[in-house]
Amino acid sequence: MQTTVFSQPGQPGQAPHPRPAMNDAHAPSYYAATALPQPARPPLRGRAEADVAVIGAGYTGLSAALHLAEAGFRVVVLEARRVGWGASGRNGGQLVHSYSRDLDVIEARHGVDTARALGSMAFEGAAIIKQRIRHYGIDCHFRPGGLFAAINSRQVDQLAHHKALWERFGHAELDMLDARQCEAAVGSTRYRAALLDHSAGHVHPLRLAQGEAQAFESLGGVIHEDSTVLRIERGEPAVVQTADGELQARYVIVAGNAYLGGLVPELAARTMPCGSQVVATEPLGKRFAEILPQNLCVEDCNFLLDYFRLSADRRLLYGGGVTYGARDPAHVEAMIRPKLLKTFPQLRDVRIDFGWTGNFLLTLSRLPEVGRLSPNIYYSQGCSGHGVTFTHLIGKVLAEALQGQAERFDAFASLPHYPFPGGRLLRVPFTALGAFWYDLRDRLQR
């Protein structure tokens with residue numbers, strides 16, 4: 001993972017704005033610079049036992065661990081780096097409902113019953129996040145409200161369809177905005193319409209993960225950082241081995257996602273890590289009212305979409321683009337600044353203070369992959385860029401399955417998943433070619 005930081009002034013002679021001290025344990029993103037204080041979490045050493053071993057202290061692992069701890073399980077989380085080090089601490093921070101393939105696609109591909117089952121859970125992840133924030137007092141800068149913004153007439157029609165679809169599945173907190181209303185909310189003439197989701201919102205993602213970790217620990221849960229898992233011995237109990245220790249557990253949850261590496265080869269064969277880039281500007285001060293006066297988060301409707309929002313200190317956080325195969329671009333600012341200025345040309349003189357990359361895991365179906373490796377080893381992976389809310393949902397669903405309530409787990413586990421055409425060698429060029437076609441379509445339909 002290569003991450004870059006930018007601090008050059010936007011105008012000759014302009015002094016850099018003072019910035020918070022960096023947290024050296026994380027990639028040097030804006031989020032790391034403004035993270036919550038964290039306790040020491042030493043590596044696993046020697047032998048230990050637990051009811052449940054969780055591999056990965058990102059959202060999936062932390063959500064499952066917290067639900068299980070609340071139910072009285074003895075849970076130990078093993079994290080290779082730091083809590084929230086991967087995608088959970090680097091993403092856009094937007095609470096977006098449903099899945100990367102929406103409910104109409106699920107219904108067409110997998111039938112009415114599957115769509116109904118997944119639809120009943122499609123709006124639950126954001127509610128779980130909000131409940132966690134309230135119950136445990138997590139200071140993660142939550143703000144309500146999110147926009148889906150349409151750039152062309154085809155996308156306007158898609159938003160109308162999207163609204164009707166979600167309302168059919170019981171989600172009614174939606175309003176369509178016309179071009180004038182959209183410009184008032186966003187401060188850009190780029191969009192023809194937008195769909196406002198009042199139940200969406202945005203957070204500081206790393207602080208959310210860190211707050212959930214501390215909530216878990218307050219219930220007696222244990223987290224070991226710097227504890228890369230080297231091997232999982234399948235059996236009852238299962239044994240999870242690190243360089244300096246081993247953990248015996250009745251159950252194991254594998255929640256490494258894009259940062260799992262080759263620990264479980266059969267999972268790696270059906271997925272592909274991808275990178276997304278984000279920049280954070282200097283604090284905008286009163287200028288924030290020019291672009292996002294209502295402090296909503298926004299994502300456009302392109303296949304390769306842009307997404308943006310304000311931070312608590314009024315920086316613009318702007319992300320977009322995909323690097324297939326998780327290739328780390330050397331110049332994040334060069335990739336994202338043109339996108340930012342296309343939306344907000346009035347910010348042409350703004351300084352970029354931070355730029356970073358985070359990886360997410362893509363499946364061929366664009367639907368999450370959930371299942372068992374053995375009767376007592378569970379996994380979830382492949383949110384396909386739609387992970388903030390889904391990871392919190394699936395953590396709860398995994399906890400239910402370990403308690404003998406597997407109906408909701410089975411709804412996800414029954415989805416078919418396939419390897420990428422051409423295997424690991426050709427998955428990147430094939431996927432990039434398909435993305436190029438959709439991106440070209442978006443560019444031509446204005």
For R81, is there any backbone N or O sitting under 3.5 Å from a side-chain donor or acceptor partner on E79? yes
Report the distance from atom CD of Q214 to atom CG of L62, rounding to the nearest 0.5 Å. 11.0 Å
So, S384 side chain and L362 main chain: donor-acceptor pair closer than 3.5 Å or not? no
For H162 and D104, run side-chain hydrogen bond (donor to acceptor under 3.5 Å, both in side chains): C-alpha distance rounded to whole Å, both residues' side-chain angles, the deciding distance at 0.1 Å, then the answer. CA-CA 9 Å; H162 187 86; D104 53 345; over 6 Å; no
Working for side-chain contact (heavy atoms from CB on, under 4.5 Å), residues V278 and S29: CA-CA 9 Å; V278 187; S29 68; over 6 Å; no
Sub-4.5 Å side-chain heavy-atom contact between T281 and L340: yes
If we ignore hydrogens and angles and just use 3.5 Å, is the side chain of T271 paired with the main-chain N or O of G382 as donor and acceptor? no
State whether E107 and R116 are salt-bridged, where the test is any N-O pair (Lys NZ or Arg NE/NH1/NH2 against Asp/Glu carboxylate O) under 4.0 Å. no
Any L284 side-chain heavy atom under 4.5 Å of V350 side chain: yes
Does the ring centre of Y99 sit less than 6.0 Å away from the ring centre of H386? no
Establish, from distance only, whether the side-chain atoms of Q381 and E369 form a donor-acceptor pair under 3.5 Å. yes
Ring centers of H202, F142 separated by less than 6.0 Å: no
Ignoring hydrogens and angles, tell me if any N or O in the side chain of E173 forms a donor-acceptor pair with the backbone of H198 under 3.5 Å. no
Decide if the gap between the ring center of Y59 and the ring center of F390 is smaller than 6.0 angstrom. no
Atom CG of L393 and atom CE of M121: how far apart are they, to the nearest 0.5 Å? 6.0 Å
Do F360 and N257 have side chains that get closer than 4.5 Å, going by heavy atoms? no
Of all heavy-atom pairs between L36 and Q210, which one has the smallest distance, and what is that distance? N-OE1, 2.9 Å
To the nearest 0.5 Å, atom CZ of R143 lies from atom NE2 of H204 at 15.5 Å
Could K130 and E124 be called an ion pair, given the rule that one side-chain N must be under 4.0 Å from one carboxylate O? no
Quick check against the 3.5 Å criterion: does S227 have a side-chain atom that pairs as donor or acceptor with the backbone of E225? yes
Apply side-chain contact (heavy atoms from CB on, under 4.5 Å) to the pair I55 and V240, showing each step before the final yes or no. CA-CA 9 Å; I55 301 173; V240 181; 4.3 Å; yes
Flag for H171-D197: side-chain donor and acceptor within less than 3.5 Å: yes
side-chain contact (heavy atoms from CB on, under 4.5 Å) between E407 and D410: does it pass, once the steps are laid out? CA-CA 5 Å; E407 294 84 359; D410 290 340; 5.7 Å; no
Main chain of T189, side chain of E183: is a donor-acceptor contact present, judged purely on distance under 3.5 Å? no
Within the 4.5 Å heavy-atom criterion, are S100 and L367 side-chain neighbours or not? no
Is the backbone N or O of D178 less than 3.5 Å from a side-chain atom of Q181, with the two atoms forming a donor-acceptor pair by type? yes
What's the spacing between Y378 OH and L398 CG if we round to 0.5 Å? 8.5 Å
To check you understand the geometry: which heavy-atom pair defines the closest contact between A185 and L296, and what is its length? CB-CD1, 4.3 Å
Check the side chains of T343 and Y318 for a donor-acceptor pair under 3.5 angstrom, ignoring hydrogens and angles. yes
D353 bridged to R351 by N-O distance under 4.0 Å: yes
side-chain contact (heavy atoms from CB on, under 4.5 Å) for I253 and L402? Distances and angles first, verdict last. CA-CA 10 Å; I253 295 175; L402 267 61; 4.2 Å; yes
Please report the shortest heavy-atom distance between A149 and Y191, naming the atom on each side. CB-CD2, 3.5 Å
If you round to the nearest 0.5 Å, how far is CG of D313 from CD of E282? 11.0 Å
Looking only at heavy atoms, what is the nearest atom pair of Y379 and R270, with distance? OH-NH2, 3.4 Å
Counting only heavy atoms not in E49, do more than 12 fall under 6.0 Å of its CD? no
For the residue pair K342 and S188, establish whether any side-chain heavy-atom pair is separated by less than 4.5 Å. no
Are side-chain N/O atoms of N359 and T357 paired as donor and acceptor at under 3.5 Å? no
Would you call D139 and R207 a salt bridge, taking side-chain N to carboxylate O under 4.0 Å as the test? yes
Distance from H392 atom NE2 to I129 atom CD1, nearest 0.5 Å? 4.5 Å
Ring centers of W356, Y30 separated by less than 6.0 Å: no
How about I133 and V203: do any of their side-chain heavy atoms sit closer than 4.5 Å? yes
Under 3.5 Å donor-acceptor, S120 side chain and A117 backbone: yes
When you compare the side chains of R132 and H67, does any donor N or O come within less than 3.5 Å of an acceptor on the partner? yes
Donor + acceptor pair across side chains of S276, Y307 (<3.5 Å): yes
Below 4.5 Å, heavy atoms only, C-beta onward: do L292 and L316 meet side chain to side chain? yes
Nearest heavy-atom neighbours spanning A193 and M176: CB-CE, 4.5 Å
Shortest non-hydrogen pair, L103 vs L118, comes out as CD2-C, 4.2 Å
Is the closest side-chain heavy-atom distance between L219 and Y136 below 4.5 Å? yes
Taking the six-membered ring for Trp and the full ring for Phe, Tyr or His, determine whether the centres of F308 and F344 are under 6.0 Å apart. yes
Between H417 (side chain only) and P368 (backbone N and O only), is there a donor and an acceptor less than 3.5 Å apart? yes
Polar contact flag, side-chain donor to acceptor under 3.5 angstrom, W166-D102: yes
Just checking, is any N or O donor in the side chain of D244 or T242 under 3.5 Å from an acceptor N or O on the other one? no
Using only atom types and a distance under 3.5 Å, with no angle test, would you say the side chain of S311 pairs donor to acceptor with the backbone of R315? yes
Would you call R82-D226 a salt bridge at under 4.0 Å N-O? yes
